[in-house]
Trainee: 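Please read through the structure below; I'll follow up with questions.
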Number of protein chains: 2
Amino acid sequence: MSIQQGSEDAKTKIMKASKKLFAQNGYEGTTVREICEEAGVALALVSYHFGGKENVFYALFEAVSPDFLNRDYELQDPEADLRDFIQEFIKFRHAEPDLINLLQQEIIMQSPRLEKLQTYIYTLWLQLRTILEAGRERGCFYYGSLKHTLHFVIGALIFMKKVPALDALFESADTDGNEESLEDIIASTILFILNGIRI
Amino acid sequence: MSIQQGSEDAKTKIMKASKKLFAQNGYEGTTVREICEEAGVALALVSYHFGGKENVFYALFEAVSPDFLNRDYELQDPEADLRDFIQEFIKFRHAEPDLINLLQQEIIMQSPRLEKLQTYIYTLWLQLRTILEAGRERGCFYYGSLKHTLHFVIGALIFMKKVPALDALFESADTDGNEESLEDIIASTILFILNGIRI
DNA sequence: GTCTATACTTGGATAGAC
DNA sequence: GTCTATCCAAGTATAGAC
């Protein structure tokens, strides 16, 4: 066994390059040639290591193990659970922005690849649904339609993307020039969502 | 001049077909061949009438004149303005779901076509921003970061898509079997957003 | 204005040398 | 395990008849 020294192997390079490019230009908007050029390896290596473009895509998600996916909520205090859920989601989003970005694209495009990703997505949003339901039962939360509320919350959590075409819209939005720490973002997201459904 | 009788001309057929397919499979996921097949016309007619695939795309947005884009808010009562804005947006979304869907995809994918669509988008969300700012100044609304609040509200408004992969998540979410009238959706969206930012 | 047939381009995957 | 060179499929756009 050889110690990893200096440059990584082609497989790793391909995964890093593809994560970046997929997030930037989408799955279909990215070519294998671009990936290999970005990775600095030969074209053939995508087929050799992964067996095709599509498998590179799946490998990106398999490589990540989001701890919070397996988090078990006690549901004793749904409001605290919801705060925790939002916090964990935003932390993950912050750690893996490209992956979240890519996932978001795939969801919106209803890509045929979603089926194999269903496990990740479904588990995640099911936690949210369970918390929301428990909260309503216990009288912590108030909302009319669970379905719509899920849409609202997911939308608020997932839609956080830098859109060059809209930069001017958000620019100088908060002129006090404050830094946006991760904590600030978490706090204001929790505030917005909880206010939206709290009695 | 001839009266339109029975079947439309190829140009209209192409626009209808492409709106449907673009919304369903995305711009890049749709081929000119598919469009012409769906429209029941010959392949060459896309180039003949529009000068290429991309111009078909733009034609879809040029054809629509969303009245509410030019709506002028007095800002005397920001809360009422916001209610009105949400209502008008959802009504438009309901009337042109394919177009909103397509726009949403393009935004998330940061497509190169967004530049030419900027006019529509920018005007729309600028109205929202203006209302939010006026509301904060007048003490109707409370929120920490304008930028994040814009993200939340836009996310809540725009993310409303049937995702087959997540159907089971929303299914039987509201077991009371109520019909979802447009008014219900509007009401619950207004409720969620206003609660989120109201003092 | 609409058709059929085809040219041109690009992208994914493979063969075979090293 | 990585490379270069090549094949094949699919997509856009064009030419030319009707």
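Lettering follows sequence order; numbering is per chain, from 1.
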Trainee: Round to the nearest Å and state the distance from A:H49 atom NE2 to D:dG1 atom P.
Mentor: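 In whole Å, D:dG1 P lies 6 Å from A:H49 NE2.
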Trainee: Need one value for B:V41: base, sugar-phosphate or nothing, where a base atom within 4.0 Å counts as base even if backbone is also close, heavy atoms only.
Mentor: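 Here B:V41 touches the backbone only, sparing every base.
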Trainee: Please pick, from C:dT2, D:dT2, D:dT14, the nucleotide with the shortest atom-to-atom distance to any side-chain atom of B:A10.
Mentor: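 Selected nucleotide: C:dT2.
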Trainee: Ignoring hydrogens, what is the shortest heavy-atom contact between B:A156 and A:F152? Give both atom names and the distance.
Mentor: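 Closest approach of B:A156 to A:F152, heavy atoms only: O-CD2, 3.9 Å.
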Trainee: Could you work out which one of C:dG1, C:dA13, C:dA15 sits closest to the side chain of A:A44?
Mentor: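 Nucleotide nearest to A:A44's side chain: C:dA15.
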Trainee: Would you mind reading off the distance between A:E8 atom CD and D:dT2 atom C1', rounded to a whole angstrom?
Mentor: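 Atom-to-atom, A:E8 to D:dT2, this comes out as 16 Å.
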Trainee: For the side chain of B:L43, counting heavy atoms from C-beta on, which of C:dC3, D:dA13, D:dG1 is nearest?
Mentor: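 Of C:dC3, D:dA13, D:dG1, D:dA13 is nearest to the side chain of B:L43.
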Trainee: Return the value, rounded to whole Å, for the distance between atom OH of A:Y48 and atom P of C:dA17.
Mentor: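 Atom OH in A:Y48 sits about 16 Å away from atom P in C:dA17.
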Trainee: Return the value, rounded to whole Å, for the distance between atom CD1 of B:I14 and atom C1' of C:dG1.
Mentor: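 Rounded to the whole Å, the gap is 11 Å.
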Trainee: Atom NZ of B:K53 to atom P of C:dT9: distance rounded to whole Å?
Mentor: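 Taking NZ of B:K53 and P of C:dT9, I get 18 Å after rounding.
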Trainee: Using heavy-atom distances to pick each residue's nearest nucleotide on DNA chain C, tell me which of B:G40 and A:R33 is more 5'.
Mentor: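 So the residue in question is B:G40.
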Trainee: Which nucleotide in the set C:dC3, C:dG11, D:dT2 lies at the smallest distance from any side-chain heavy atom of A:T31?
Mentor: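 Ranking C:dC3, C:dG11, D:dT2 by closest atom to the A:T31 side chain puts C:dG11 first.
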Trainee: Take the protein atom CZ of A:F57 and the nucleotide atom C1' of C:dG12, then report the distance between them rounded to whole Å.
Mentor: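 Nearest whole value for this atom pair: 17 Å.
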Trainee: Would you say that more than 12 heavy atoms from the other residues, nucleotides or ligands in this model lie under 6.0 Å from the OH of B:Y142, or not?
Mentor: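 No.
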Trainee: For the side chain of B:S47, starting at C-beta, report the closest nucleotide among D:dA13, D:dT2, C:dA13.
Mentor: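 Nearest nucleotide to the side chain: D:dA13.
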Trainee: Take A:E37 and A:R33 through the test salt bridge (Lys or Arg N to Asp or Glu O under 4.0 Å) and record every step on the way to the result.
Mentor: CA-CA 6 Å; A:E37 190 179 5; A:R33 286 186 161 81; over 6 Å; no
Trainee: Hey, are A:E106 and A:R113 close enough for a salt bridge, meaning a charged N less than 4.0 Å from a carboxylate O?
Mentor: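 Salt bridge: yes.
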Trainee: Over how many whole Å does the gap from A:I35 atom CD1 to D:dT2 atom P extend?
Mentor: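 So the CD1-P distance, A:I35 to D:dT2, works out to 16 Å.
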Trainee: If you check the A:L45 side chain, which of C:dA13, C:dG1, D:dT2 turns out closest?
Mentor: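 Ranking C:dA13, C:dG1, D:dT2 by closest atom to the A:L45 side chain puts D:dT2 first.
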Trainee: Could you state the atom-to-atom distance from CG of A:D9 to P of D:dT2 in whole Å?
Mentor: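 Rounded to the whole Å, the gap is 6 Å.
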Trainee: Would A:H148 and A:Y143 count as a close aromatic pair, with their ring centres under 6.0 Å?
Mentor: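 They do not qualify: ring centres at least 6.0 Å apart.
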